[in-house]
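The block underneath contains the structure these notes are about, expressed in structure tokens.
Bear in mind the structure is a predicted one, so any value in this text is a computation, not a measurement.
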Amino acid sequence: MAPGFNSYQRRSIRMSEYDYKSPGRYFITISTCGKIQLFGDVMDSTMITNDAGMMVERLWRSLPVRFLQISTEVSKVMPNHFHGILVINQKTNRALGEYIGAFKSLTTREYITGVTNQGWQPFSGHLWMDNYYEHIIRDEDDYHRIIEYIQDNALKWSALHDEELP
């Protein structure tokens, strides 16, 4: 263990010198805790979203109603993770992590309601992993590459999981 490293603290993957309240586009990936497949399945390279997955997508699209200084762009719900582009349109008092935290909280609350009232698959512990992946989109080429990555995610999922079949 590295000197001064506290095993009870998570290491931040954020850029320490970057102001995450700054206007810009951010590519976000959030995974379910334990990578449990809760939001649907990929069949024939197409994501088939279940009710829980549709809820995740709906709450993502509704974030700009709750937080007027942001907008959401291309997104994709996958069986055990979510990709989206969040745009901070103007300098704000809230940082990117606060928007993602709100999204995770809203989806967790609604997922628990779905487990109770609609028979959705239960989960233990947390719905989402504590951390999330973010990438600051730097230019139009980066933006278009990420959109392509998001749109092709089901194809990649099929290729990866088909290899696991006997």
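- Shown here are the side-chain contact (heavy atoms from CB on, under 4.5 Å) partners of A102, two or more places apart in sequence or in another chain: F67.
- Listed by first and then second residue, the salt bridge (charged side-chain N to carboxylate O under 4.0 Å, His left out) pairs that reach into residues 37-49 come to none, sequence neighbours excluded.
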### Task
Walk me through it: do F103 and I30 pass the test side chain to side chain contact (heavy atoms under 4.5 Å, CB included)?
CA-CA 10 Å; F103 174 69; I30 311 169; 3.7 Å; yes
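- For K35, the side-chain contact (heavy atoms from CB on, under 4.5 Å) test picks out S31, N80, M129, with sequence neighbours left out.
- In terms of the side-chain hydrogen bond (donor to acceptor under 3.5 Å, both in side chains) criterion, R94 has no residue partners (sequence neighbours excluded).
- Annotation: side-chain contact (heavy atoms from CB on, under 4.5 Å) contacts of T49 (sequence neighbours excluded): M47, M54, V77.
- In terms of modelled atom types and a separation under 3.5 Å, the side chain of N50 and the main chain of L38 share a donor-acceptor contact.
- Under the side-chain contact (heavy atoms from CB on, under 4.5 Å) criterion, T72 pairs with W60, L63, P64, sequence neighbours left out.
- Ring geometry for Y20 versus Y26: interplanar angle of 30 to 60°, hence tilted.
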### Task
Show the numbers, then the answer: is there a side chain to side chain contact (heavy atoms under 4.5 Å, CB included) between Y143 and E73?
CA-CA 11 Å; Y143 178 68; E73 294 188 354; 2.5 Å; yes
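- Checked by atom type and distance alone, the side chain of D152 never pairs as donor or acceptor with a backbone atom of L155 at under 3.5 Å.
- In this structure, CG in D139 is found 10.5 Å from CZ in R25, a value given to the nearest 0.5 Å.
- For Q69, the side-chain hydrogen bond (donor to acceptor under 3.5 Å, both in side chains) partners are T92, Y99, not counting sequence neighbours.
- A154 and S45 get closest at one heavy-atom pair: CB-O, 3.4 Å.
- Using a distance-only test at 3.5 Å, with no hydrogens or angles considered, a donor-acceptor pair links the side chain of T116 to the main chain of I112.
- To the nearest 0.5 Å, the span separating CG on L127 from CD1 on I36 amounts to 9.0 Å.
- Here I48 is tied into one hydrophobic group with M43, each link being a pair of ILVMFWY side chains closer than 4.5 Å.
- Relative ring orientation between Y133 and H135 is described as parallel, the plane-to-plane angle staying below 30° on a 0-90° scale split at 30° and 60°.
- Screening residues 49-68 for salt bridge (charged side-chain N to carboxylate O under 4.0 Å, His left out) gives E57-R61, R58-E110 as the qualifying pairs, with residues at least two apart or on separate chains.
- Among Y149, Y132, W157, the one residue that satisfies the ring-ring contact (aromatic ring centres under 6.0 Å, His included) test with H83 is Y149.
- Between N89 and S71 the shortest side-chain heavy-atom distance falls below 4.5 Å.
- Here E134 contributes atom CD and I28 contributes atom CD1; the two are 6.0 Å apart, rounded to the nearest 0.5 Å.
- Side chains of T108 and H126 form no contact here, defined as non-hydrogen atoms less than 4.5 Å apart.
- Here the straight-line distance linking atom CG of L59 with atom NZ of K104 works out to 14.5 Å at 0.5 Å rounding.
- In terms of the ring-ring contact (aromatic ring centres under 6.0 Å, His included) criterion, residue partners of W120 (sequence neighbours excluded) are, by chain and number, Y111.
- Pairs passing the ring pair (Phe, Tyr, Trp, His ring centres under 6.0 Å) check and including a residue from residues 33-54, sequence neighbours excluded, read F39-W128.
- Note: K91 NZ to S22 OG = 4.5 Å, rounded to the nearest 0.5 Å.
- With sequence neighbours left out, E148 forms a salt bridge (charged side-chain N to carboxylate O under 4.0 Å, His left out) with no residue at all.
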### Task
Would you sort out whether I85 and S75 count as a side chain to side chain contact (heavy atoms under 4.5 Å, CB included), showing the intermediate values?
CA-CA 6 Å; I85 296 176; S75 62; over 6 Å; no
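- With hydrogens and angles ignored, the 3.5 Å screen pairs no side-chain donor or acceptor of K156 with any backbone N or O of I150.
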### Message
Walk me through whether T29 and H81 qualify under side chain to side chain contact (heavy atoms under 4.5 Å, CB included).
### Response
CA-CA 7 Å; T29 300; H81 65 279; 4.3 Å; yes
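- Interatomic distance, L86 CG to L96 CG, rounded to the nearest 0.5 Å: 6.0 Å.
- Looking at heavy atoms from C-beta onward, I70 lies out of side-chain contact with V87 at the 4.5 angstrom threshold.
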